[in-house]
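Please read the structure below before turning to the comments.
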Amino acid sequence: MQAPDLSAREVYALCISKTLPKVKARLRALAEDVVNAADEFESAASTANLHTLAELKTNPSDETDRTQLTKNYTQRLANKDHPAREIYDELKIAGRLCPLCAHRDVETLDHQLPKSLYPLLAVAPSNLVPACRSCNTLKSDADPKGAHDQTLHPYFDDISKEQWLFARVHEVAPACVSFHVKPPSSWDEVLAARVRWHFQMFGLAELYGNQASRAMTSLRYVLKRKAPSTIPAYLKDEADGGADEDPNSWKAVMFQALAGSSWYINGGFALE
């Protein structure tokens, strides 16, 4: 996903533009800290080192300042009546599908590092990711403690070129499909662990499994009307077509698993 072409300094200035004079003075005094924190965040995110930013959690130390920095998001950027709302909307419409689950519609913005712990990053554009409410809720205030437990950042992590999502067909009646992560051998240990953590954090096995179950209900109807000998080719074509667009689409991966299953090749699916 393309990172937003927005200046942290300008977004922050717009957020504090309508605050009361005393509050504005305090927030202006923090402007350089906010800009520097945003720069640190981008540098760390680009190298999968967000866990090294723990020192930002203690800055600023003053609770009033921390509260006002958090309000830059809750009462200013996200406020429909505030001039900064245009930035919120611009960030939100950058993606139609939530990049965290690649399934549900975008409904809100998620803080890659939580604003409650990192108030200096509350309105840093690179820390704000369009997301669905379910993913936003599941992630909550998750804070990486090490290199392995960082969820993927859509602006900085591109894992779309190689297949890492796979599925298994459970040959029961009715058949079902389960999903799992199988990282390519070319990936390093940290990236492989992060993808597994992301998959677990957002409950993608359950989400994709549920969607596959619904899709297979309709698919049974289609396959019962096909000659058994044509089913493998049909499933493979569906898998190849979906993978051409996205090799890690749950639907493409589902068809891939179905096409390689002896249960389906033998026509069992069509006869359920």
Side-chain angles (χ1 to χ4, degrees), residues 1-2 93-107 129-132 134-135 138 151-155 157-172 174-187 191-192 194-272:
M1 181 177 236
Q2 186 68 39
I93 65 172
R96 296 300 181 184
L97 282 183
C98 172
L100 303 178
C101 65
H103 179 71
R104 292 177 288 246
D105 292 339
V106 167
E107 299 168 280
V129 176
C132 66
S134 293
C135 283
L138 286 167
T151 57
L152 298 172
H153 193 316
Y155 299 151
D157 297 307
D158 182 5
I159 57 169
S160 63
K161 295 179 177 61
E162 299 178 276
Q163 185 177 353
W164 53 267
L165 180 66
F166 291 85
R168 297 186 191 91
V169 177
H170 298 273
E171 299 184 357
V172 296
C176 62
V177 175
S178 64
F179 294 82
H180 62 278
V181 172
K182 182 181 177 183
S185 59
S186 59
W187 287 9
L191 179 57
R194 291 182 63 213
V195 173
R196 290 191 181 98
W197 179 250
H198 187 100
F199 194 73
Q200 177 183 333
M201 171 71 73
F202 295 109
L204 299 187
E206 181 179 4
L207 173 63
Y208 296 163
N210 289 340
Q211 294 305 309
S213 292
R214 296 186 182 96
M216 287 168 66
T217 298
S218 299
L219 188 56
R220 287 188 185 92
Y221 179 86
V222 173
L223 294 190
K224 283 179 180 179
R225 284 149 183 79
K226 290 184 177 292
S229 61
T230 68
I231 291 176
Y234 170 79
L235 294 174
K236 187 177 186 303
D237 284 346
E238 290 292 321
D240 291 345
D244 186 61
E245 182 176 347
D246 179 4
N248 298 296
S249 156
W250 68 264
K251 187 172 286 187
V253 171
M254 176 192 74
F255 275 109
Q256 180 189 64
L258 295 178
S261 168
S262 60
W263 178 264
Y264 296 91
I265 291 174
N266 293 332
F269 186 89
L271 299 176
E272 289 177 10

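FYI, side chains are in, hydrogens and waters are out, and symmetry mates aren't considered; it's all heavy atoms of this structure. Since we're looking at a predicted model, the values are computed, not measured.
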Nearest non-hydrogen partners of [X] and [Y], listed with the distance:
{"X": "Pro232", "Y": "Ser229", "result": "CD-O, 3.7 Å"}
{"X": "Asn248", "Y": "Leu165", "result": "OD1-N, 3.0 Å"}
{"X": "Cys135", "Y": "Cys98", "result": "SG-SG, 3.9 Å"}
{"X": "Ala215", "Y": "Trp250", "result": "CB-CH2, 4.0 Å"}

For [X], enumerate each residue passing the side chain to side chain donor-acceptor pair (under 3.5 Å) test, keeping only those at least two apart in sequence or located in another chain.
{"X": "Ser186", "result": "Glu162"}
{"X": "Thr230", "result": "none"}
{"X": "Gln163", "result": "Gln256"}

Nearest 0.5 angstrom please: [X] [atom1] to [Y] [atom2], how far?
{"X": "Lys224", "Y": "Leu219", "atom1": "NZ", "atom2": "CG", "result": "11.0 Å"}
{"X": "Met254", "Y": "Gln211", "atom1": "CE", "atom2": "CD", "result": "10.5 Å"}
{"X": "Leu100", "Y": "Thr151", "atom1": "CG", "atom2": "OG1", "result": "7.0 Å"}
{"X": "Leu235", "Y": "Leu223", "atom1": "CG", "atom2": "CG", "result": "5.5 Å"}
{"X": "Arg194", "Y": "Ile159", "atom1": "CZ", "atom2": "CD1", "result": "9.0 Å"}

Working note: Val106 + Leu97, criterion side chain to side chain contact (heavy atoms under 4.5 Å, CB included); need CA distance, chi angles, decisive distance, verdict. CA-CA 5 Å; Val106 167; Leu97 282 183; 5.8 Å; no

Side chain to side chain contact (heavy atoms under 4.5 Å, CB included) with [X]: which residues, sequence neighbours excluded?
{"X": "Ala167", "result": "Val177, Phe179, Val253, Ala257"}
{"X": "Ser178", "result": "Arg168, His170"}
{"X": "Ala233", "result": "none"}

For Asp240, what residues pass the salt bridge (Lys or Arg N to Asp or Glu O under 4.0 Å) criterion, not counting sequence neighbours? Lys236

For Asp158, give me all partners under salt bridge (Lys or Arg N to Asp or Glu O under 4.0 Å), at least two apart in sequence or on another chain.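 Only Lys161 meet the salt bridge (Lys or Arg N to Asp or Glu O under 4.0 Å) criterion with Asp158.
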
Using only atom types and a distance under 3.5 Å, with no angle test, would you say the side chain of Asp157 pairs donor to acceptor with the backbone of Leu152? no

Pairs where residues 244-262 contributes a residue and the test salt bridge (charged side-chain N to carboxylate O under 4.0 Å, His left out) is met, not counting sequence neighbours: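 Matches after skipping sequence neighbours: none remain.
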
Pro99 and Val129, any side-chain heavy atoms less than 4.5 Å apart: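 Val129 reaches Pro99 side chain to side chain.
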
Evaluate the side-chain proximity of His103 to Cys132: yes if any heavy-atom separation is below 4.5 Å, no if none is.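 No; the side chains remain at least 4.5 Å from each other.
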
Which residues pass the ring-ring contact (aromatic ring centres under 6.0 Å, His included) test with Tyr155, sequence neighbours left out?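 With sequence neighbours excluded, Tyr155 shows a ring-ring contact (aromatic ring centres under 6.0 Å, His included) to His153, given in chain and number order.
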
Tabulate below the donor-acceptor pairs under 3.5 Å that side-chain atoms of residues 199-210 make, not counting sequence neighbours, or state none.
{"unit_1": "Tyr208", "atom_1": "OH", "unit_2": "Cys101", "atom_2": "O", "d": "2.6"}
{"unit_1": "Asn210", "atom_1": "ND2", "unit_2": "Glu206", "atom_2": "O", "d": "3.3"}

side-chain contact (heavy atoms from CB on, under 4.5 Å) partner of Val222, chosen from Arg220, Lys226, Arg225: Lys226

